[in-house]
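Read the structure below first, then the notes.
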Amino acid sequence: MRSEGFLERMASSSAARVAEAKARVNERELRARALDTRQPPPLELGAEGFDLIAELKLRSPAAGRLAAPGEGGSVDEVAARVRDYVHGGAAAVSVLTEPARFDGSLEHLEAATRALEGLSPHDAPAARRVPAMRKDFLVDPYQVLEARAAGAGGVLVILRMLTEGAATALLDCARELGLFVLLEAFDEADIERAHAIVESHGDAAHGPLLVGLNCRDLDTLQVVPGRLEALAATLPASVPRVAESGVASAKDAARVAAAGYDLALVGSALMGARVPAELVRDLLVAGRGARRDAERRGEER
């Protein structure tokens, strides 16, 4: 496993959280609780060719606080933001649960899933139920069980910070629980690993897989312009491809959709939006328009 300062620190912190959680609730009890939780809705992508995973996060190590101190993390505030995302047309809601650098918690995930369960399918423009995804620095299947027990329908798996065995353990647990997995890559080497996982785990029996490219530099945590386009063609084509970071405007959404991405994961821009639902709609309209244009040009050739 390659060492990256930021991810290495986050992995160590995550492992400490797992140890503390296991001391409170053993894995057998947590598994029973997870399996007893209502089955979350599946991830459903639209026929228009471009969708959005809208993110709830209170802080970013790169941008700092994204909500005013003491605001944004209450049950009512989480529920309101989730409803806004769904009303705008988001296909899924990503919830940061890492506490030290992102001010997240499992309570935020639970509040989000309760809000999603309380929405009628007709509350979403596509008349579909919307799942939540736990976004964290997962290192142990116990954390996948935590996600399922909190009502999540999916989890993020960061390939760079995991050995092959650790990544497989997380994937196997997610498959057992019926969760979708977003595999996150940062560079060509990560993408090669993603290809191998898709080949071995990418069939329907193993559960839904998505592969995302995060275009942040791990040393500076700043977005690297052009990385999404430069590596788009190297991502597995047999699973949905997700543009992570660097999408803040309709122009950005159009750009990544034209490059071949099927979804974008957007957090900071939505957290700063005055009316999040409007920005979700703007991003979707732009991305879907760009996808249609790209397909039309392809047909003309």
Side-chain angles (χ1 to χ4, degrees), residues 1-18 53 55 57 59-63 94-102 104 133-144 147 154-175 179-202 209-236 239-247 256 261 263-268:
M1 181 173 63
R2 291 169 294 173
S3 174
E4 296 285 354
F6 175 73
L7 288 183
E8 192 173 50
R9 291 192 297 273
M10 299 313 295
S12 177
S13 173
S14 184
R17 282 189 282 135
V18 171
I53 301 175
E55 188 161 273
K57 63 177 177 180
R59 178 183 291 277
S60 161
S94 170
V95 181
L96 258 296
T97 59
E98 197 284 325
R101 300 296 299 274
F102 293 87
M133 180 185 80
R134 181 182 188 182
K135 187 175 181 182
D136 207 323
F137 300 84
L138 306 185
V139 295
D140 191 295
Y142 186 94
Q143 295 166 301
V144 180
V155 292
L156 177 77
V157 171
I158 304 173
L159 292 175
R160 177 71 64 90
M161 59 186 283
L162 298 166
T163 64
E164 298 295 335
T168 297
L170 294 175
L171 287 162
D172 287 346
C173 187
R175 175 182 60 185
L179 305 184
F180 73 85
V181 174
L182 171 55
L183 295 171
E184 182 172 88
F186 284 90
D187 61 12
E188 295 92 335
D190 292 341
I191 291 171
E192 286 183 13
R193 291 185 63 192
H195 274 280
I197 290 173
V198 168
E199 289 176 7
S200 60
H201 290 77
L209 276 181
L210 300 85
V211 175
L213 179 66
N214 191 324
C215 65
R216 287 195 185 276
D217 181 284
L218 285 170
D219 292 322
T220 66
L221 300 182
Q222 298 302 308
V223 169
V224 181
R227 183 176 288 180
L228 290 171
E229 292 95 327
L231 295 179
T234 67
L235 293 168
V239 297
R241 293 155 293 184
V242 186
E244 300 181 55
S245 300
V247 177
V256 298
Y261 289 92
L263 304 94
L265 191 156
V266 182
S268 297

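Scope of the values below: all heavy atoms of this structure, side chains included, with no hydrogens, waters or symmetry mates.
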Salt bridge present between E164 and R193 (N-O < 4.0 angstrom): yes
Smallest separation among heavy atoms of V155 and A147, with atom names: CG1-CB, 3.7 Å
Nearest atoms (heavy-atom pairs only) where L221 meets R216: O-NH1, 2.8 Å
Smallest separation among heavy atoms of L209 and V198, with atom names: CD1-CA, 4.2 Å
Donor-acceptor under 3.5 Å (E184 side chain, F186 main chain): no
Sub-4.5 Å side-chain heavy-atom contact between V211 and I197: no
Closest heavy-atom pair and its distance - D187, R160: OD2-NH2, 2.7 Å
Smallest separation among heavy atoms of V139 and S14, with atom names: CG2-OG, 3.7 Å
Inter-residue atom distance L96.CG - M133.CE, 0.5 Å rounding: 8.5 Å
Nearest-0.5 Å distance that lies between atom CG in D190 and atom CG in L162: 10.0 Å
Considering all heavy atoms, the nearest L231-Y261 contact: C-OH, 4.5 Å
Side chain R134, main chain Q143, donor-acceptor under 3.5 Å: yes
Min side-chain heavy-atom separation L235-I191 under 4.5 Å: yes
Point-to-point distance, once rounded to the nearest 0.5 Å, from CG of D136 to OG1 of T97: 3.5 Å
Matching residue for L183 among L170, L171, V242 - test: side-chain contact (heavy atoms from CB on, under 4.5 Å): L171
T234 side, atom OG1; R241 side, atom CZ - distance, nearest 0.5 Å: 10.0 Å
Contact check, side chains of L213 and L228, non-hydrogen atoms, under 4.5 Å: yes
From E8 atom CD to L218 atom CG, the distance as rounded to the nearest 0.5 Å: 12.0 Å
Aromatic ring pairing F6/F137, orientation class (parallel under 30°, perpendicular over 60°, tilted between): perpendicular
Test item: P99 and R17 side chains (from C-beta on) under 4.5 Å apart, heavy atoms: yes
Atom pair CD/CG of E55 and L265 - distance to nearest 0.5 Å: 5.0 Å
S268 side chain near K57 side chain, heavy-atom distance below 4.5 Å: yes
